[in-house]
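Have a look at the structure below before the remarks.
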Amino acid sequence: MKQFINPQALDALRVDDFRLYWCGNTLSKLGTEMQTVALAWQVYIFTHEPFSLGLIGLVRAGPVILFSIVGGTLADSMSRRRLLLITQTILLTMSALLALLTATGLANVWLLYGITFLSAIASSADGPAHAAVIPSLVPRHLMTNAITLNNLSWSVAGIIGPAIGGLIIGGFGVPVAFGLDAISFLAVIWVLTVVRAPLIGPELTAEERTARGSLRRIKNGFIFMRSKPILFNLMLLDFFAMLFGASITLLPVFANDILKVGPAGLGLLAAAPAVGSVLGAVGLTVLHRPHYPGRVVMGAIVIYGICVIVFGLSTFFWLSWLMLAGTGAADTVSMTMRQSIRQLLTPEEMRGRIGGINFLFAVSGSQLGEFESGIAAQLISSPVAVALGGLACLGMVGLVISRNLALRNFTEETESLPYLAELKDPQLKTGS
């Protein structure tokens, strides 16, 4: 068994800058998870319609589709520290506004949608910037370890956040949950002011900073992605899995109408994927990296789809909880391997743009999936909608897998030499 254990499992946390960033992100994610539960619960209480929960996904997806590529370009065009300080401040303000409106009784469902839309615009730049920052905080040989540990911290916060969120909603009300989320953004803002890593993007010429130059850089980001079929297919896998496998948005329906466990049970259900995520992330942390990460991605997504199907059909709380935990474990394993492959294949100069494109696929798939789930639940029923979504997820993922031999055979060793060649190629390096 010894050969499977990774003795350097926590090495990235020995890097001061990454350790600070890791702690700040954990606290911020804690607040975000509480806000997600509070928003879904408040919207459902206002409307008592599954469709209204699906609209949350659509409202979030719009800005991602419109602005994530621009956000990724910004992450390659300006100080990533400055960009994150701006986006985190905006997100803090939006959460504080949610707290104020709900506390004063001025909130309505359309105001909640509007603030969610504005927050999603900020997130469209925040997500790609965060993705581009991690490789700047650790040496290249610790990058996979850092990504795994970062996902682990998010998963741990994801366990505590929804559970506390459900208890806070039941005991103190929705405004307190929104207020605590606003406070949590201060952790990341403080970390960004004290880390010593430069967190800057590549130097640009005056022409590259013009609108025309920015459009050319966006175009070159897509060209680079298409030159790497593995990257493109990883994003497709993520998109389809999230599009057809989204079920979190309907949790208030399951908690209130099907499993009848109330807001406290909703918190436990919402925390279940994070429990699974912790187990998946711990496994990836303590075990050696798999030799064929692409195959791990494929297997994890298949498990994800099966768990979604069983969750949709279950009428037993703990079986439902277990299946949600399974989706969390599978998603974390898949996500960590996808992120590692993407960072290994992407030069520093392209990380913001490729991160923006990946953010577009991942978040739009998730949010459009929530909208699709809401419509399907309104037309048929929530259990059938979720189960059919899981089945469609398996079908679409199977199609992508069957046509992608390169991803199945991907290894870090076979890609290291092409990566170094790209760094020496001025055209690929500058994206010009």
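Please read all numbers here as calculations on a predicted model, not as lab measurements. For this chain, numbers begin at 1 and follow the sequence in order.
- Between the side chain of Ser334 and the backbone N or O of Ala300, no donor-acceptor pair lies under 3.5 Å.
- In this structure, the side chain of Arg81 engages the main chain of Val195 through a donor-acceptor pair within 3.5 Å.
- The CD atom of Gln42 sits 6.5 Å away from atom OG1 of Thr102, with the distance rounded to the nearest 0.5 Å.
- For the pair Leu394 and Val302, the tightest heavy-atom approach, listed with the atom from each and the gap, is CD2-O, 3.4 Å.
- Summarising the local packing, CZ of Phe46 is surrounded by more than 12 heavy atoms from other residues, nucleotides or ligands at distances under 6.0 Å.
- Looking only at side-chain heavy atoms (C-beta outward), Phe224 and Leu231 come within less than 4.5 Å of each other.
- Closest heavy-atom contact between Ala107 and Leu111: CA-CD1, 4.2 Å.
- No side-chain donor-acceptor contact under 3.5 Å links Ser28 to the backbone of Gly24.
- Ser52 places a side-chain heavy atom less than 4.5 Å from the side chain of Val43.
- Under a 3.5 Å cut-off, the side chain of Ser124 and the backbone N or O of Ala120 do form a donor-acceptor pair.
- Looking only at side-chain heavy atoms (C-beta outward), Pro383 and Ile258 come within less than 4.5 Å of each other.
- Side-chain contact check for Thr36 versus Asp181: every heavy-atom pair is 4.5 Å or farther apart.
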Can you list the steps and then say if Met323 with Ser314 is a side-chain contact (heavy atoms from CB on, under 4.5 Å)?
CA-CA 9 Å; Met323 290 301 101; Ser314 170; 5.8 Å; no
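- Residues Val191 and Leu20 share a closest heavy-atom pair of CG2-O, 3.3 Å.
- You'll find the ring centres of Trp110 and Tyr113 inside the 6.0 Å limit.
- Screening Leu84, Leu186, Ile189 against Thr89 for a side chain to side chain contact (heavy atoms under 4.5 Å, CB included) leaves a single residue, Ile189.
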Would you please test Leu39 and Leu112 for side-chain contact (heavy atoms from CB on, under 4.5 Å) and show each step?
CA-CA 8 Å; Leu39 180 65; Leu112 296 183; 4.1 Å; yes
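- Looking at heavy atoms from C-beta onward, Phe178 lies out of side-chain contact with Leu100 at the 4.5 angstrom threshold.
- One distance of note links OG of Ser119 with CG of Leu92; it measures 10.5 Å at 0.5 Å rounding.
- The distance from the CG atom of Leu319 to the CG atom of Leu259 is 9.5 Å, given to the nearest 0.5 Å.
- With a 4.5 Å cut-off on side-chain heavy atoms, Leu137 and Val15 do not count as touching.
- Checked by atom type, the side-chain pair Tyr21/Asp17 shows no donor-acceptor distance below 3.5 Å.
- Contact record, Phe18 with Ala12: CD2-O, 3.3 Å, taken as the closest heavy-atom pair.
- Among all heavy-atom pairs drawn from Leu101 and Thr104, the shortest one is O-OG1, 3.3 Å.
- For Arg80 (side chain) and Ala129 (main-chain N/O), no donor-acceptor pair under 3.5 Å exists by modelled atom type.
- Annotation: the span from Trp41 atom CH2 to Leu266 atom CG amounts to 6.0 Å, rounded to 0.5 Å.
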Go through the steps for Tyr44 and Asp257 under the test side-chain contact (heavy atoms from CB on, under 4.5 Å), then give the verdict.
CA-CA 12 Å; Tyr44 190 62; Asp257 301 338; 2.7 Å; yes
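- With rounding to the nearest 0.5 angstrom, the OG1 atom of Thr332 is 9.5 Å from the CG atom of Leu279.
- Considering CG of Leu149 and OG1 of Thr26, their distance stands at 10.0 Å, rounded to 0.5 Å.
- Of all non-hydrogen atoms in Ser320 and Phe311, the two that sit nearest each other are O-CD1, 3.5 Å.
- Leu324 places a side-chain heavy atom less than 4.5 Å from the side chain of Leu251.
- Taking the side chain as every heavy atom from C-beta outward, Leu388 and Ile380 approach each other to under 4.5 Å.
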Step by step, would you call Val261 with Leu268 a side-chain contact (heavy atoms from CB on, under 4.5 Å)?
CA-CA 9 Å; Val261 291; Leu268 291 174; over 6 Å; no
